[in-house]
Number of protein chains: 2
Amino acid sequence: MRHVADRAGVSYQTVSRVINDADGVAPETRERVLAAMRDLNYRPSVAARSLARARTDTIGLVLPFPVDVTFANAHFLQTVGGVDRVVAENDYSLLVSSPNDEDPALSAHRRMVRQRAVDGVIVEAGMGDEGIELLVEAGYPVVAIGHVAAAVPSVQPDDESGAYSATQHLLALGHRRIALIAGSTPGNLAQQARLRGCKRAGTDAGQPLDEDLIATGEFSLESGHDAAARLFDRDVPPTAVLAFNDAMAIGAMQLLRERGIDVPHEVSVVGFDDTPTASLLTPSLTTVRIFSSELGQRAARTLIGMLRGTKVPPVPAVLPSQLVVRQSTAPARRD
Amino acid sequence: MRHVADRAGVSYQTVSRVINDADGVAPETRERVLAAMRDLNYRPSVAARSLARARTDTIGLVLPFPVDVTFANAHFLQTVGGVDRVVAENDYSLLVSSPNDEDPALSAHRRMVRQRAVDGVIVEAGMGDEGIELLVEAGYPVVAIGHVAAAVPSVQPDDESGAYSATQHLLALGHRRIALIAGSTPGNLAQQARLRGCKRAGTDAGQPLDEDLIATGEFSLESGHDAAARLFDRDVPPTAVLAFNDAMAIGAMQLLRERGIDVPHEVSVVGFDDTPTASLLTPSLTTVRIFSSELGQRAARTLIGMLRGTKVPPVPAVLPSQLVVRQSTAPARRD
DNA sequence: GCGCCTCTCGTGAACGGTCACATGACTTGC
DNA sequence: GCAAGTCATGTGACCGTTCACGAGAGGCGC
């Protein structure tokens with residue numbers, strides 16, 4: 001920087017002003033400085049700037065699983081897509097941290113804390129919340145995406161009402177034996193909310209769900225396939241399946257096709273997420289939309305707002321979810 | 001840091017030594033310093049450290065598309081998964097940059113250059129190579145994943161021979177009307193290599209491929225579906241389809257199922273990538289394995305090696321690809 | 001008892017910027 | 001014509017580390 005200043009015949013402070021687009025610099029001087037910067041192929045050092053300004057203009061993103069696992073899930077994918085977009089728009093950088101195998105619960109957060117390299121952190125809920133506490137204790141502004149117990153601002157889909165309306169839809173179609181393909185981690189709060197929604201819809205309709213018809217999967221296509229296999233091996237198989245994400249719903253549809261069971265005339269299938277592919281399947285998938293990208297965008301905006309000193313309402317921002325009825329659901333056949 | 005030093009009754013330099021695990025500090029002193037660090041909840045500032053050491057221990061990752069688009073592609077997903085793993089193992093951080101809509105070709109690289117926040121950059125090939133030149137000019141060590149024209153170290157799958165053996169496999173099964181679902185960006189070098197491999201296999205066997213049977217897609221499931229629709233609308237449809245990634249192959253299989261065309265007995269389908277789902281489909285997909293995760297790991301190791309001063313062979317590291325024969329290919333029926 | 005070496009620790013400068021304030025030239029108002 | 005108020009620029013200190021030295025304490029050999 002000093003070199004640039006010399007070459008342009010000004011002081012380093014003036015160079016600094018030019019870099020930061022501060023006013024109070026004569027247009028002609030500015031030009032001279034810019035020229036010198038070009039000539040010397042000069043680039044400011046973020047490290048020095050961060051040090052002096054006590055901020056890094058970087059936002060940390062903590063993932064619940066390794067990169068390849070996390071992004072294999074369409075919901076997380078969309079979510080992070082939204083974050084990425086907003087972050088880039090606001091000239092922040094994105095530093096990602098994912099857990100390693102040794103300490104899946106906390107390593108991603110730990111690494112983020114150890115490196116004091118970000119101004120704030122966005123956490124994808126999915127694992128426990130101890131990690132969030134860790135970040136908060138370390139003094140970071142934190143925004144969570146999804147349901148968290150920790151007292152940090154969060155944006156979350158309305159899982160409960162989404163699950164409620166999906167179940168209601170199936171009940172209205174006359175289905176009585178409704179199977180659920182839930183997640184296998186009962187501690188997960190989103191999972192709990194969805195389950196709550198399903199059950200409430202059942203009891204509200206005077207048709208409580210059969211607990212025996214709740215299978216679990218890992219949110220992957222294969223696990224949905226396998227869970228469905230278990231469900232349809234039963235003596236009295238279900239007439240409808242509600243999976244807690246689209247991938248598992250698609251897996252279930254695969255199994256049904258293998259077994260020659262027609263969707264939707266013999267069995268109805270509902271997913272969760274409204275993945276882009278959901279609408280492209282045949283039959284296209286009835287599913288609960290949760291606006292994942294929007295969720296990510298809001299989280300990023302909220303965090304950036306916090307960094308810029310805006311007040312943030314302490315209540316979680318809940319985005320309504322929405323049932324999208326397509327071809328994979330139909331009235332139950334009379335037994 | 002000064003505070004810690006005071007509290008431990010030593011100088012700041014000694015604290016620095018403890019932080020960096022340098023020797024020449026008495027065990028008892030070390031303990032005292034560590035205790036003080038804990039008491040004061042002290043965390044070193046990366047910014048200051050980066051400034052003083054002139055490195056950031058951060059590696060940049062430049063994606064060819066926005067996050068959600070890039071990671072929807074299984075190959076990129078695996079690749080970055082590999083990078084992430086190695087980066088974390090070596091205590092580096094990962095800073096990701098993806099293009100924005102205004103300047104898809106260069107914005108990701110530009111942002112990376114502007115922020116002088118990384119020690120080196122890994123670039124996922126996919127877009128043009130000007131961006132790489134930009135990074136090199138800015139003085140960054142760069143490693144590319146995939147085929148690039150720029151003179152930087154790269155790791156790449158052996159696309160040509162993979163495509164060659166896939167085509168050869170189909171020819172050996174007696175197929176004569178082999179359709180290709182290629183990418184729609186002819187400038188892409190990986191694409192060119194695959195095309196070259198296919199054509200060479202054809203001519204080597206005395207059965208040059210029919211140029212009219214080359215459709216294009218966007219590497220998505222839907223585009224594969226649509227490309228297949230165009231191919232099978234022809235008067236004389238192909239008897240085999242070779243798609244340039246698994247997603248498009250799966251899309252093609254979907255179309256065939258819709259039209260009641262049996263795979264593999266009526267039409268054989270081959271994919272590219274060996275996505276995890278490929279083996280789980282029915283029929284399971286014959287595909288070309290390209291070890292994406294391994295590719296990412298190597299790229300990361302290469303870059304870290306460069307940063308640590310290891311010499312890097314200037315030739316691109318080529319990982320052999322490998323045809324995995326499953327159920328979606330079968331001998332051609334006699335016409 | 002002296003010089004020398006090793007171990008442990010401290011000091012000053014530098015890294016490359018930003019911030020708060022000071023300074024000088026030129027307008028403006030009366 | 002002079003005080004006061006802009007505008008443009010320069011100066012010194014500081015951000016929190018690391019690096020290259022230097023220096024004191026203790027052990028050893030002779």
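Proteins come first, then strands; the chains are lettered A, B, ... in the order of their sequence lines, and each starts at number 1. A quick note: this is a predicted structure, and the numbers were derived from the prediction, not measured.
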Contact letters for nucleotides 8-19 of chain D, in which S counts primed atoms plus P, OP1 and OP2 and B counts the base, heavy atoms under 4.0 Å: SBBBB--BBBBB
Degree of bending, the helix from C/dG1-D/dC30 to C/dC30-D/dG1 (end axes from five pairs; round to 10°): 40°
Closest approach of B/Arg17 to B/Gly24 (non-hydrogen atoms, all atoms of both residues): CD-O, 4.4 Å
Minimum-distance pair of heavy atoms, taken over all atoms of B/Ser98 and B/Phe65: CB-O, 3.5 Å
Backbone of A/Ala48 reached by a side-chain donor or acceptor of A/Ser45 within 3.5 Å: yes
Atom pair OG1 (B/Thr79) and CD (B/Glu294), whose distance is rounded to the nearest 0.5 Å: 10.5 Å
B/Asn100 versus B/Arg110, side-chain donor and acceptor atoms under 3.5 Å: no
Donor-acceptor pair, side chain of A/Asp129 and main chain of A/Ala150, under 3.5 angstrom: yes
Heavy atoms from other residues, nucleotides or ligands near CG of B/Asn41 exceed 12 (cutoff 6.0 Å): yes
